[in-house]
> 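Please read through the structure below; I'll follow up with questions.
Heavy-atom basis, side chains included; hydrogens, waters and symmetry copies ignored.
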Amino acid sequence: MGFTIKPAPGARARTAPSGEPVLPSAGALLRILHRYRAEFPPAERPVAPAPALPDRVAIYRYFEQEALAGVGRFRWYERDAARLQAGAWCEAEVSRRWFLAQERQVHQQQELDRKWHLLIGNDPETVRQALAAAFEDIEAAACAVVRVKGAEVTLTVTIPPVSAAIPGDVYRQFVHGQALVALRTAFAAAPGLAAARVTVLSNDPLASFSVTRQALDQIRWHAADATDIVDAVARRKGEKLT
């Protein structure tokens with residue numbers, strides 16, 4: 001059932017803006033080794049925020065100023081009448097603004113629902129955008145969507161080479177852990193996906209396998225290491241990476 005992971009001691013490293021190679025240290029690897037065990041909250045239907053109530057006080061002050069313009073300070077009756085008129089104008093304006101705010105919320109919710117249905121329906125471009133945004137937070141790996149076909153997504157996870165001093169079993173856990181982080185991120189960000197295929201690269205392929213959402217849902221994440229999880233859930237097509 002197993003396959004070997006091919007380390008890439010001679011692979012070209014990704015570089016920082018300074019031109020220096022980006023090589024994870026043993027400490028960095030250990031820090032992110034168990035990131036796949038974190039919580040990955042699933043995306044939920046977005047809800048448009050409730051509109052703010054119109055500022056009745058500010059609206060009334062505006063209309064009061066307009067109504068009292070040109071009315072003398074000692075013309076009490078006219079000033080009282082002007083304030084009553086300002087109050088009526090204020091109520092009308094508050095009602096108008098509140099209606100427009102609610103109408104905007106309805107339109108915003110309709111747009112959010114449209115995008116949500118595209119996402120859960122696995123519209124390829126919508127899924128790509130959602131995953132691209134979700135993948136930005138993954139440390140020490142560059143994840144990309146190769147293809148979205150139906151309810152299955154194909155991913156690549158590119159990781160930098162590491163120092164030769166890193167033990168092989170630690171590197172193996174790192175490779176599988178980064179694959180699992182990418183998979184869990186994808187399934188959380190795109191609730192309509194049912195399966196995924198992931199290939200981990202460091203110039204050359206290191207590991208490649210398929211997995212279903214249902215299989216990952218059965219995992220007790222704190223009870224097994226990354227390689228054991230991959231061995232348990234991976235569906236492979238007979239490839240052998242040496």
Side-chain angles (χ1 to χ4, degrees), residues 16-18 22 31-32 35-145 147-148 150-151 153 155 181-194 196 213 217:
S18 64
V22 181
R31 185 179 69 254
I32 61 179
R35 189 64 54 83
Y36 66 91
R37 291 176 172 170
E39 294 296 323
F40 291 79
E44 298 180 341
R45 172 181 173 265
V47 177
L53 292 172
D55 189 341
R56 185 184 300 272
V57 172
I59 294 172
Y60 175 78
R61 285 175 179 170
Y62 171 80
F63 283 116
E64 182 186 41
Q65 184 178 10
E66 290 290 310
L68 290 174
V71 180
R73 293 179 59 187
F74 300 106
R75 296 166 66 179
W76 309 114
Y77 177 80
E78 293 182 32
R79 292 181 72 83
D80 287 343
R83 289 190 175 96
L84 287 175
Q85 182 62 64
W89 288 341
C90 173
E91 290 303 316
E93 179 64 13
V94 167
S95 296
R96 185 187 73 84
R97 293 190 186 187
W98 180 241
F99 174 79
L100 292 177
Q102 290 180 306
E103 191 174 54
R104 284 193 296 270
Q105 183 195 28
V106 169
H107 292 159
Q108 184 180 5
Q109 187 62 57
Q110 289 173 341
E111 178 62 14
L112 290 174
D113 286 341
R114 183 187 71 82
K115 293 180 179 180
W116 175 249
H117 287 299
L118 288 173
L119 178 63
I120 63 177
N122 297 318
D123 172 70
E125 185 57 30
T126 304
V127 171
R128 283 178 180 274
Q129 292 176 4
L131 296 192
F135 286 155
E136 289 180 357
D137 294 329
I138 295 182
E139 183 181 1
C143 303
V145 178
R147 183 180 67 170
V148 179
V153 64
L155 308 172
V181 168
L183 290 167
R184 296 194 70 190
T185 299
F187 284 138
L193 292 176
R213 177 190 293 273
D217 285 344

> Please answer whether the main-chain N or O of Leu193 pairs with a side-chain N or O of Arg213 as donor and acceptor at a distance below 3.5 Å.
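Side chain of Arg213 to backbone of Leu193: a pair is present.
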> List the atom pairs, donor and acceptor, that lie under 3.5 Å between side-chain atoms in residues 42-55 and the rest of the protein, sequence neighbours left out.
residue	atom	partner	partner atom	Å
Arg45	NE	Asp113	OD1	2.9
Arg45	NH2	Asp113	OD1	3.3
Arg45	NH2	Asp113	OD2	3.3
Asp55	OD1	Val57	N	3.3
Asp55	OD1	Ala58	N	3.1

> Please name all residues satisfying side-chain contact (heavy atoms from CB on, under 4.5 Å) with Pro124, sequence neighbours left out, ordered by chain then number.
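With neighbours one apart ignored, the set is Val148.
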> So, for Leu155 and Ala186, which heavy atoms are closest and what is the spacing to 0.1 Å?
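Shortest heavy-atom separation between Leu155 and Ala186 comes out as CD1-CB, 4.1 Å.
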> To the nearest 0.5 Å, what is the distance between NZ on Lys115 and CD1 on Ile120?
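Here the interatomic distance stands at 15.0 Å.
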> Residues two or more places apart in sequence or in another chain: which of them pass salt bridge (Lys or Arg N to Asp or Glu O under 4.0 Å) with Arg147?
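For Arg147, no residue satisfies salt bridge (Lys or Arg N to Asp or Glu O under 4.0 Å) once neighbours in sequence are set aside.
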> Tell me the closest heavy-atom pair linking Glu78 and Val71, and the distance in Å.
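Looks like CB-CG1, 3.9 Å.
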> Just jot down the side-chain contact (heavy atoms from CB on, under 4.5 Å) partners of Ala132, sequence neighbours excluded, or say none.
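Applying side-chain contact (heavy atoms from CB on, under 4.5 Å) to Ala132 gives none.
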> Taking side-chain hydrogen bond (donor to acceptor under 3.5 Å, both in side chains) as the cut-off, I'd like each qualifying pair that reaches into residues 57-74, sequence neighbours left out, listed once.
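Applying side-chain hydrogen bond (donor to acceptor under 3.5 Å, both in side chains) to every pair that reaches into residues 57-74, excluding sequence neighbours, yields Glu64-Arg83.
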> Kindly compute the distance separating CG (Leu112) from NE2 (His117), expressed to the nearest 0.5 Å.
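Rounded to the nearest 0.5 Å, the CG-NE2 separation comes out at 11.0 Å.
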> Excluding sequence neighbours, so at least two apart, what forms ring-ring contact (aromatic ring centres under 6.0 Å, His included) with Tyr77?
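ring-ring contact (aromatic ring centres under 6.0 Å, His included) check on Tyr77 returns nothing, list empty.
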> Considering residues at least two apart in sequence or located in another chain, which fulfil the side-chain contact (heavy atoms from CB on, under 4.5 Å) criterion with Ala196?
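side-chain contact (heavy atoms from CB on, under 4.5 Å) check on Ala196 returns Val153, Leu183, Phe187.
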> Quick one: closest heavy-atom pair of Ala189 and Ala134, and the distance?
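So the minimum-distance heavy-atom pair works out to CB-CB, 3.8 Å.
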> For Val106, give me all partners under side-chain contact (heavy atoms from CB on, under 4.5 Å), at least two apart in sequence or on another chain.
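Residues passing side-chain contact (heavy atoms from CB on, under 4.5 Å) with Val106: Gln110.
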> If I take atom OG1 from residue Thr185 and atom CZ from residue Phe40, how far apart are they, to the nearest 0.5 angstrom?
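Spacing of OG1 (Thr185) from CZ (Phe40) equals 4.5 Å.
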> With Glu103, which residues qualify under salt bridge (Lys or Arg N to Asp or Glu O under 4.0 Å), at least two apart?
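Scan of Glu103 (salt bridge (Lys or Arg N to Asp or Glu O under 4.0 Å), adjacent residues dropped) gives none.
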> Arg104: which residues meet the salt bridge (Lys or Arg N to Asp or Glu O under 4.0 Å) condition with it, sequence neighbours left out?
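Once residues adjacent in sequence are excluded, Arg104 has no partner under the salt bridge (Lys or Arg N to Asp or Glu O under 4.0 Å) criterion.
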> Does anything in residues 123-134 pair up under side-chain hydrogen bond (donor to acceptor under 3.5 Å, both in side chains), and if so which pairs, sequence neighbours excluded?
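For residues 123-134: Asp123-Thr126, Glu125-Gln129.
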> Taking all heavy atoms of Asn122 and all of Val127, pick out the closest pair and write down the distance.
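Closest approach of Asn122 to Val127, heavy atoms only: CA-CG2, 3.7 Å.
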> Which residues satisfy the salt bridge (Lys or Arg N to Asp or Glu O under 4.0 Å) test with Arg97, sequence neighbours excluded?
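Salt bridge (Lys or Arg N to Asp or Glu O under 4.0 Å) check on Arg97 returns Glu93.
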